[in-house]
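What follows is a set of notes on a single structure, which appears directly below.
Just so it is clear: chains get the letters A, B, ... in the order the sequence lines come, proteins before strands, and each one is counted from 1. No hydrogens, no waters, no symmetry mates; every other heavy atom, side chains included, goes into these values.
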Protein chains: 2
Amino acid sequence: MFLSKSFGYALRGVLYVALVDKEGRKVQLDEIAEKLSVPRHFLAKIMKTMVKEDILSSTKGPYGGFFKNDQTLKTRIIHLVKITDGIEQFNTCVLSLRKCNSKNPCPLHFQMLRLRDDMLAEFSAKTIGDLLDEKNPDFIKSISAIA
Amino acid sequence: MFLSKSFGYALRGVLYVALVDKEGRKVQLDEIAEKLSVPRHFLAKIMKTMVKEDILSSTKGPYGGFFKNDQTLKTRIIHLVKITDGIEQFNTCVLSLRKCNSKNPCPLHFQMLRLRDDMLAEFSAKTIGDLLDEKNPDFIKSISAIA
DNA sequence: CGGATAAAAGACACAAGCATCTTTTTTAAT
DNA sequence: ATTAAAAAAGATGCTTGTGTCTTTTATCCG
């Protein structure tokens, strides 16, 4: 809809790493890509970004892989949106008007403002940890079953 | 954000035609494109679609152009969304999961559902006529001032 | 130890697909 | 014949996806 595939891959990627971490092991790119049915190299770029942003950690070499760190569970959804899709899009007028603001509103200005604030509030409040805490027995299925 | 430029052009296009119609004249593509600062040929495709959908009418030839018809003011915003961006996107999971539904929800399912319903309600309720009725002295400016 | 090997992430470059925008040609009304 | 819409084909740019190479590091073997 309004969030890119990159965002979806990022979120599912982090969640998968966090889940595997509970089993006390690191997880490799190949496994994530396969389990989530996501293009390997494309995912690599996203995972790399998340490591750089300190949302996850990783080590190279044999028995290396991605794993949870102190920040992982505290990461807000909005952060993932920022590093994948960017946040500017939420501030641009639906009608592509540059001069659209509350003093000189486009015909849909206030409606969209409300929707936008609602969404930002949602994404700013929730963290990765929150999502994991929500009871859902089929959680792994729900992040991997794309077929 | 989540609506394409096509949608924005469509809405501004209809509004402009409806406004000019009050002056009792038809309006040509060139004028619309120029006043709204929109790519002429791209707008043409969109206007054509709206005519086909009976949201507007048009005549060819000299003194031809686009003009309001019986349906124009009754048209709901959601109709414009349908013919530009399509409505299916609102029903697809943010995480691109095919099997995401209320029985097997993805981690963001219910949040997104709420946002979606909210937006659809908004767009289903409002018509082109409603937007025109909202008092705004600078209405023309607001749909054209893109610079 | 210490170098060779293998396993993993990371970097680079490019190809496909789609939305957006432009140019040109065709069709039709007056 | 002139004017304007309609159609079609081409160009650009961004998102998504692929293939190949490089760098890092744990382990094995002497």
Side-chain angles (χ1 to χ4, degrees), chain A residues 1-10 12-14 16-17 20 25-34 36-67 69 81 83-86 88-89 92 94-96 146, chain B residues 1-10 12-13 17 20 25-34 36-67 69 81 83-86 88-89 92 94-96 146:
Chain A
M1 175 160 46
F2 29 52
L3 295 174
S4 69
K5 292 204 176 181
S6 295
F7 166 79
Y9 294 166
R12 291 201 283 145
V14 189
Y16 190 82
V17 171
V20 166
R25 65 180 178 94
K26 299 199 204 62
V27 60
Q28 282 123 32
L29 186 63
D30 279 328
E31 177 181 333
I32 310 175
E34 195 195 345
L36 305 188
S37 298
V38 157
R40 187 190 184 285
H41 297 291
F42 193 61
L43 179 64
K45 206 161 67 177
I46 297 166
M47 297 300 287
K48 181 188 63 181
T49 306
M50 291 199 287
V51 169
K52 198 164 56 184
E53 290 280 329
D54 202 35
I55 293 169
L56 286 175
S57 295
S58 70
T59 59
K60 293 182 177 184
Y63 301 94
F66 295 90
F67 55 96
N69 68 22
V81 175
I83 65 177
T84 53
D85 299 12
E88 313 76 34
Q89 50 168 340
T92 61
V94 215
L95 304 186
S96 319
I146 196 173
Chain B
M1 175 161 42
F2 30 54
L3 294 174
S4 69
K5 292 201 176 179
S6 295
F7 167 78
Y9 295 165
R12 291 201 282 146
V17 171
V20 166
R25 66 180 177 96
K26 301 199 205 62
V27 61
Q28 279 124 35
L29 188 63
D30 278 329
E31 178 181 335
I32 310 175
E34 194 195 345
L36 305 188
S37 299
V38 156
R40 186 191 183 285
H41 300 285
F42 193 63
L43 179 63
K45 205 161 70 176
I46 297 165
M47 297 301 285
K48 181 188 64 180
T49 306
M50 291 199 285
V51 169
K52 199 164 57 184
E53 290 279 328
D54 202 35
I55 293 169
L56 285 175
S57 296
S58 69
T59 58
K60 296 178 175 185
Y63 303 97
F66 296 90
F67 55 96
N69 67 20
V81 176
I83 67 177
T84 52
D85 299 13
E88 314 76 34
Q89 51 167 339
T92 61
V94 216
L95 304 186
S96 319
I146 196 172

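The pair A:Arg25-A:Glu31 meets the salt-bridge criterion, since a charged nitrogen lies less than 4.0 angstrom from a carboxylate oxygen.
Here B:Ser6 reaches the OP1 or OP2 of C:dT20: one of its side-chain N or O atoms lies under 4.0 Å away. Put simply, B:Tyr9 has no side-chain N or O that comes within less than 4.0 Å of OP1 or OP2 on C:dT20. Dashed line: the shortest gap from a side-chain N or O of A:Thr59 to OP1 or OP2 of D:dA26 is not under 4.0 Å. Phosphate contact (OP1/OP2 of C:dA11, side-chain N/O of A:Lys48, threshold under 4.0 Å): present. Checking the phosphate oxygens (OP1, OP2) of C:dC18, no side-chain nitrogen or oxygen of B:Ser4 falls inside 4.0 Å.
Atom CG of B:Asp54 and atom CG of B:Asn69 lie 5.0 Å apart (nearest 0.5 Å).
Among the nucleotides D:dT2, D:dA6, C:dC21, the one closest to the side chain of B:Pro62 is D:dT2. Of the candidate nucleotides D:dA4, D:dT18, C:dA7, D:dA4 has the atom lying nearest to any side-chain atom of B:Gln28. Taking the side chain of A:Pro39 as heavy atoms from C-beta on, and the options C:dT30, D:dG17, C:dA9, the nearest nucleotide is D:dG17.
Rounded to an integer number of Å, the gap from CG of B:Leu29 to C1' of D:dA7 is 14 Å. As rounded to whole Å, 13 Å separates atom C1' of D:dA6 from atom CE of B:Met47. As a whole-Å value, the separation of A:Leu3 CG from D:dT15 C1' is 14 Å. A straight line from CG of A:Leu43 to C1' of D:dT15 spans 16 Å, rounded to a whole angstrom. Counting to the nearest Å, the P atom of D:dA4 and the CD atom of B:Glu34 are 14 Å from each other. Atom CZ of B:Phe67 and atom P of D:dA4 are 15 Å apart (whole Å). Summarising the geometry, the separation between CE on B:Met50 and C1' on D:dA6 is reported as 15 Å, rounded to the nearest angstrom.
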Below 3.5 Å is the cut-off: list the nitrogen or oxygen pairs between protein and nucleotides 12-17 of chain C, distance only.
none

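The two atoms that bring A:Ile32 and A:Gly13 nearest to each other are CG2-CA, 4.4 Å, heavy atoms only.
Mapping A:Tyr63 and B:Phe42 onto DNA chain C via the closest heavy atom, the residue that lands nearer the 5' end is A:Tyr63. Toward the 5′ end of DNA chain D lies the nearest nucleotide of B:Arg40, the other residue of the pair A:Asp85 and B:Arg40 mapping further downstream. A residue-by-residue look at B:Lys60 and A:Lys5 shows that B:Lys60 has its nearest nucleotide of DNA chain D further toward the 5' end.
Proximity of A:Phe67 to A:Thr59: side-chain heavy atoms (C-beta onward) are separated by under 4.5 Å at one or more points. At a threshold of 4.5 Å between non-hydrogen side-chain atoms, the residues A:Ser4 and A:Tyr9 do not count as touching.
Put simply, the residue from A:Lys26, A:Met47, A:Lys48, A:Gln28 that forms a side chain to side chain contact (heavy atoms under 4.5 Å, CB included) with A:Phe66 is A:Met47.
Using modelled atom types, no side-chain atom of B:Ser37 and backbone atom of B:Ala33 make a donor-acceptor pair closer than 3.5 Å. B:Arg12 contributes a side-chain N or O that, together with a main-chain N or O of B:Leu36, makes up a donor-acceptor pair within less than 3.5 Å.
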